[in-house]
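Taking it in order: structure first as structure tokens, then the write-up.
Values below: every heavy atom of this structure, side chains too, minus hydrogens, waters and symmetry copies. We count ligands from 1, going down the list as the structure has it; atoms in each ligand are counted the same way.
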Amino acid sequence: MQISVVGTGYVGLVVGACLAETGNDVVCADVDSTKIERLRQNDIPIYEPGLEDFVRRNQTQGRLTFTTDVAAAIAGSEVVFIAVGTPPDEDGSADLRHVLGVAESIGRYMSRETVIVTKSTVPVGTALKVQCAVAKHATHPFHLCSNPEFLKEGAAVDDFMKPDRVVLGVESDHARSVMAELYAPFVRTGHPIIFMDIASAELTKYAANAMLATRISFMNEIANLCERVGADVDLVRKGIGSDNRIGPSFLFPGPGYGGSCFPKDVKALIRTAAETGAALSVLDAVEDANQRQKQRLFEKLQQVLNGKMKGAHVAIWGLAFKPNTDDMREAPSLALIESLLQAGATVTAHDPAAIEEARRRIGDAIEYAPSNYEALKGADALVIVTDWNEYRHPDLDRMKTSLRQPVVIDGRNLYSDPKMKALGFTYVSMGRGVRS
Ligand SMILES: NC(=O)c1ccc[n+]([C@@H]2O[C@H](COP(=O)([O-])OP(=O)(O)OC[C@H]3O[C@@H](n4cnc5c(N)ncnc54)[C@H](O)[C@@H]3O)[C@@H](O)[C@H]2O)c1
């Protein structure tokens, strides 16, 4: 099939590369000419395991091309994906300017009957706005489809190639059959394509992210309670996660959720509820809990250092909002660094992938270490923010001798509490009230 993907960020690039991988002819278009130039050289602007191979192979074989000419990309395509950003507006609602701008361009430049697929996460009711924007200039029939994306950064290629499910909101038989054909290679193992109306598809994406954010905030608050009552959240987690009505995923306590999706999607859903007069107060609580949780690591460190933060030198392991990505949007590390600098501490940080991104965001306000052990040199404490695999089994003796004081604040419960204490560390983790 002839496909174009407008917006070549995390989502658009993965969608384009994976659709080319299954034999389609895909043009990825973006207004960012630097990004497009890099992609033409197979230089991937984001850190995403497996993506470079897909881009290189499909570009070499001529199925995948990159352009800044959005109009040319749209013309001739049977299916156009809209995958541009939907950042939060000042009131928390999703800013639809990019989506609607692309929709107008599609109306203007389409040259045949076209299926227009919204991949961007957009609030319920957006399809109607897209329809109006396209219709302003359209001279050919078009069909709308809402196809929310559930990929996880860090596992995006795998998630797209082997999705748990594909959600497709459609209103015409043509859109239904084109999209079923396009996705057939990805659901061969029996994972379902779930067809529904467009409003339900739009809401499904927000409901999924809001549910996951709710689990995270719930477990973070349970962890904080564990500390007060002398319970161990790791045991509570196993105890509830083995109930198959609950399940084991997304029950790990941590320094709060971040990233490009949960914070903005929770805000946008709160806004949609407010606009319609529906009560969604549970999400206000989820957001509040998350804001407080982002300060927990700083508070724990402050307590261990008896409030002596001015002049303290702190090592941080992990800057990305989660492992296997360089994405730092709304990362808990940013809140921690801000509090540390405000309190007069200095910081040296390590991250396997996000140093370049951190430099772009915070420049030389902190120092960056080439290895996790280097970051520890002369530090009064280590704070672990992101659970990268390489931090799971470090040389603990080397850690202890590198640090000026053997203080570890572990935001991800990576190590055994009794073992760390037996080795002489002052070790503070999350929600392990019994033993800390
Ligand atoms: N990142 C994720 O994990 C994820 C997962 C699921 C859904 N989503 C949703 O997908 C959408 C895209 O997210 P992302 O993370 O890929 O964003 P991103 O910021 O990484 O990429 C968006 C891209 O769109 C381009 N763009 C903006 N306006 C354009 C225009 N008029 N024409 C062409 N290109 C344009 C930008 O230059 C940028 O490269 C958002 O709605 C997001 O909520 C993201």
Inset, instruction - Please say whether Asp32 places an N or O atom under 3.5 Å from an N or O atom belonging to ligand 1. - result: no
Inset, instruction - Could you tell me whether some N/O pair between Thr86 and ligand 1 is separated by less than 3.5 angstrom? - result: yes
Legend entry - Salt-bridge criterion met for Lys294 and Glu338 (N-O under 4.0 Å): no
Legend entry - Ligand-side contact atoms (ligand 1) for residue partner Val6, heavy atom cut-off under 4.0 Å: 32 (N), 33 (C)
Inset, instruction - Pick one of side chain, backbone, both or neither for how Ser120 approaches ligand 1, counting any non-hydrogen atom pair under 4.0 Å. - result: both
Legend entry - Greater than 12 external heavy atoms within 6.0 Å of Phe252's CZ: no
Inset, instruction - Report the member of Pro45, Gly12, Gly9, Ala156 with the shortest heavy-atom distance to atom 21 (O) of ligand 1. - result: Gly9
Legend entry - atom 6 (C) of ligand 1: nearest protein contact (heavy atom, Å): Glu149 O, 3.2 Å
Legend entry - Nearest non-hydrogen protein atom, atom 42 (C) of ligand 1: Lys264 NZ, 3.8 Å
Legend entry - Ser260 neighbourhood, listing ligand 1 atoms whose heavy-atom distance to it stays under 4.0 Å: 1 (N), 2 (C)
Legend entry - Arg360 bridged to Glu356 by N-O distance under 4.0 Å: no
Legend entry - Which of the ligand 1 atoms, numbered from 1, are nearer than 4.0 Å to a heavy atom of Glu153: 1 (N), 2 (C), 3 (O)
Legend entry - Enclosure of His393 NE2 (heavy-atom neighbours >12, cutoff 6.0 Å): no
Legend entry - Atoms in ligand 1 flagged as close to His98, the criterion being non-hydrogen separation under 4.0 Å: 28 (N)
Legend entry - Protein heavy-atom partner closest to atom 32 (N) of ligand 1 - residue, atom, separation in Å: Val31 CG1, 3.5 Å
Legend entry - Check: Cys261 N/O within less than 3.5 Å of ligand 1 N/O: no
Inset, instruction - Look at the rings of Phe262 and Tyr257 and say which category their plane angle falls in: under 30° parallel, 30 to 60° tilted, over 60° perpendicular. - result: perpendicular
Legend entry - Polar atom proximity, Lys35 to ligand 1 (N or O, under 3.5 Å): yes
Inset, instruction - Examine ligand 1 and decide if any of its atoms is less than 4.0 Å from a heavy atom belonging to Lys152. - result: no
Inset, instruction - Before accepting this row, confirm whether a basic side-chain N of the pair Arg292/Glu221 lies closer than 4.0 Å to the acidic partner's carboxylate O. - result: yes
Inset, instruction - Identify which of Thr8, Asp95, Val11 has a heavy atom lying nearest to atom 8 (N) of ligand 1. - result: Val11
Inset, instruction - List the closest protein heavy-atom neighbour of atom 31 (N) of ligand 1: residue, atom name, distance to the nearest 0.1 Å. - result: Val102 CG2, 3.7 Å
Legend entry - Glu153 with Lys322: basic N within carboxylate O range, under 4.0 Å: no
Legend entry - Under-4.0 Å heavy-atom contact with ligand 1, by part of Val122 that carries it: neither
Inset, instruction - Do me a favour and list the nearest non-hydrogen protein atom to atom 15 (O) of ligand 1 with residue, atom name and distance? - result: Arg329 NH2, 3.3 Å
Legend entry - Axial cation check for Phe150 ring with Arg165, 6.0 Å and 45° limits: yes
Legend entry - Enumerated ligand 1 atoms positioned under 4.0 Å from heavy atoms of Lys205: 6 (C)
Inset, instruction - For Ala83, take its heavy atoms, then give the atoms of ligand 1 lying under 4.0 Å from any of them. - result: 12 (C)
Inset, instruction - Using a strict 4.0 Å threshold on nitrogen-to-oxygen distance, state whether Glu181 and Arg176 make a salt bridge. - result: no
Inset, instruction - For the pair Asp25 and Arg63, find out whether any cationic side-chain nitrogen is under 4.0 Å from an anionic carboxylate oxygen. - result: no
Inset, instruction - Do me a favour and list the nearest non-hydrogen protein atom to atom 7 (C) of ligand 1 with residue, atom name and distance? - result: Thr121 OG1, 3.5 Å
Inset, instruction - Tell me which one of Asp265, Leu96, Val84 gets a heavy atom nearest to atom 27 (C) of ligand 1. - result: Val84
Legend entry - Any donor-acceptor pair under 3.5 Å from Thr325 side chain to Asp327 backbone: yes
Legend entry - Gly85 neighbourhood, listing ligand 1 atoms whose heavy-atom distance to it stays under 4.0 Å: 22 (C)
Inset, instruction - Please write down residue, atom name and distance for the protein heavy atom closest to atom 37 (O) of ligand 1. - result: Asp30 OD1, 2.6 Å
Legend entry - Cation-pi geometry met for Arg57 and Phe54 (6.0 Å, 45°): yes
Legend entry - More than 12 heavy atoms from other groups under 6.0 Å of CG on Asp173: no
Inset, instruction - Look at the rings of Phe186 and Phe160 and say which category their plane angle falls in: under 30° parallel, 30 to 60° tilted, over 60° perpendicular. - result: perpendicular
